[in-house]
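Lettering follows sequence order; numbering is per chain, from 1. Basis for what follows: all heavy atoms, side chains included, without hydrogens, waters or symmetry-related copies. These figures come from a predicted structure and were not determined experimentally.
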Number of protein chains: 2
Amino acid sequence: MSQSNASNPTVDDVARLAGVSIATVSRVLNGSARVSDDRLTRVRAAVNELGFRPNSAARSLASRRASIVAVLAGTTLTFEQAEIIRGIEESAREAGYLMSLTALGGADDDSIDQSLSLVLDQAIAGVIVLTSDPAGVATLHRIPAGIFTVTVAGSPETVVPHVPLHDSGAAEELVAYLLGLGHTTVRCVGVRASPNEDERIVGWRRALRAAGAAIPEVIHSSEEPNSGCAIGRQLARSPDVTAVFCGSDVLAMEVMHGLAEGGRSVPDEVSVVGFGDHPLSALWCPALTTVKQDFAGLGNRAFLVLEGVIAGSLGRGFISDGPLLVIRDSAAPPVKSSGAAPV
Amino acid sequence: MSQSNASNPTVDDVARLAGVSIATVSRVLNGSARVSDDRLTRVRAAVNELGFRPNSAARSLASRRASIVAVLAGTTLTFEQAEIIRGIEESAREAGYLMSLTALGGADDDSIDQSLSLVLDQAIAGVIVLTSDPAGVATLHRIPAGIFTVTVAGSPETVVPHVPLHDSGAAEELVAYLLGLGHTTVRCVGVRASPNEDERIVGWRRALRAAGAAIPEVIHSSEEPNSGCAIGRQLARSPDVTAVFCGSDVLAMEVMHGLAEGGRSVPDEVSVVGFGDHPLSALWCPALTTVKQDFAGLGNRAFLVLEGVIAGSLGRGFISDGPLLVIRDSAAPPVKSSGAAPV
DNA sequence: CTGAAAGCGCTAACAC
DNA sequence: GTGTTAGCGCTTTCAG
């Protein structure tokens, strides 16, 4: 586990070469105080000549500061999570922080504690936990006090600052669109038993209620890869369903696949919409109608908020793009016959 | 950037509470030497009571060891990269390492150096760079000597250990399958100007050569999101193309989309195959014929190899799953008329 | 503006 | 087995 082979140059080496004290070297290194131009130049030259890189462990030990933000997530592979993480990394990098990423092995306490220990055993500046899945929220409750923490995605869980996306509003808009097409009601397939799903379901229900439409029971997908397919096949057996709102685009694709297996055509017989605007949604056949959410922007904000928490200056208002309805071909008015393009 | 608010307990606190010396505490902390059961118990109790967590900066400074592996990648979002990264993280976690992830801003030296500095400024055990894209290989050449480095995916670039997937063999098998279906030759759409593409193209060419088939010019996709669509449309204008091998499943989906826009049906008029077995490939319409590659396993291996390099014990043989031909519906014999299911 | 000196919290010889 | 003693390489008072 050693860091490198040759013993790297130290501040002392630089100080000696530049003919100054180590304190001065330290000052130019982190610009903590004024240094005369003369010495400044000499130190910089020495640094370059030696290829000096400050030892971060020593620096962190002496300054009691860290510049790693840890992100904890149940899954790192879904489009949404991956984009959020990318956003965090991007902002972190710009601010000079390194991002660590650790997947939560499972949702059980043991594997969570194990993952968490790894993180807590490092000199970290703070952690961001993605609470869009159960493992994330379970983890949150096991983070000891005194660790700067921010949650992102899903619903607020505790007293730690939470950075949300306006999922309920986005879902509501999409479902209202479906209703506007003439559907008497809309079925809902939720992503998982996660907070995030709740927001989207909340929006779905709100839209239905606002339109005075019947509110059918929510169908929950499981964590299995293609669980949406079975749901689609099941839905295909109910002749009365004409529109389905899915908690994510991938889930919508699965449901559409199941619907097709069940002999129902989209959007002619049933309209299906997703959530999030996955890159492949536009290429899907039929192209998926969905709402675009700025997940990467959410990640940016999450980091920025954490940075604020660390600095003790909460409350800065960061904005990411609002949801955007993306109308494509997978939803149409509830007519039985023709195949004319919708909208 | 501070690490927490209250001053955490230190080894001294634990030693005092347990009534032992700090050296003993240190010993039980890292099991470096035998400690009597009596003291062992007392120290553990004290640790728990205090909620003591060793300060990693101090530990790393004193021991000259680090337990973070840094991964550098151009993109973190594609299925392949994401899976590789997940594999690295998984193995790292099991070995007690934290994984840091940094995206290479661009392929220019400045942004690379900036990303690299972030990493090099931390106490890291080693780095893994994903050389499946140009930014990765460019980065590799800017990593100073003395940093334990391993490259993964793509082709070997320099003297650092490289952990490859047998992409050329996988591609060859797939193209041979196409040829076996009766196609006189197969077009090739490469992912990008990256080493990884080369391996796959190599396999494609080898299969063609082995069959004595004509070797058409390779078409390169650009970095743009849906660049494969334009290629598909272009391909649709050539009546002689009956089979297309694409460097990735997503690219294949794009090409198929373009082909459809150009009025050509898959697989009736032209067969299209991808590479990698993306999760959505099975749901695609028509379901994509491809080769499954064990990207996560590749990530596992990459970490294990790095661990070996760090420990100075190279040469252990790690294996990940070999490629697996996944025959679905997007490829068929080159007949013009019917739509009978292939294979 | 600059240097000397005192640690940061831990590990690793080294004696016992 | 166990304690004592030096530091790891840097930041940060504190004088000057």
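Near-neighbour residues of DNA chain D inside residues 39-51 of chain B, defined by a heavy atom below 4.0 Å, number-ordered: B:R39.
The neighbour count for A:R44 CZ, taken as heavy atoms of other residues, nucleotides or ligands under 6.0 Å away, does not exceed 12.
Under the 3.5 Å distance criterion, the side-chain polar atoms of B:S132 are left unmatched by any main-chain donor or acceptor of B:A153. For the pair A:S115 (side chain) and A:L104 (backbone), a donor-acceptor distance under 3.5 Å is absent. In terms of modelled atom types and a separation under 3.5 Å, the side chain of B:E89 and the main chain of A:A103 share a donor-acceptor contact.
One can place CZ of A:R34 at 17 Å from P of C:dG3, the figure rounded to the nearest angstrom.
Taking a cutoff of 4.0 Å between a charged side-chain nitrogen and a carboxylate oxygen, A:E90 and A:R93 do not qualify as a salt bridge.
Within the 4.5 Å cutoff, side-chain heavy atoms of A:R53 are placed close to those of B:S117. Looking at A:S60 and B:Q122, their side chains never come closer than 4.5 Å, going by heavy atoms from C-beta outward.
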Under 4.0 Å protein heavy-atom contacts per nucleotide of nucleotides 7-13 of chain D, with B for base, S for backbone only and - for none: BBBBBBB
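Residues that satisfy the side-chain hydrogen bond (donor to acceptor under 3.5 Å, both in side chains) test with A:D38, not counting sequence neighbours, are A:R42.
One finds a side-chain N or O of A:T24 lying less than 4.0 angstrom from the OP1 or OP2 phosphate oxygen of C:dG3.
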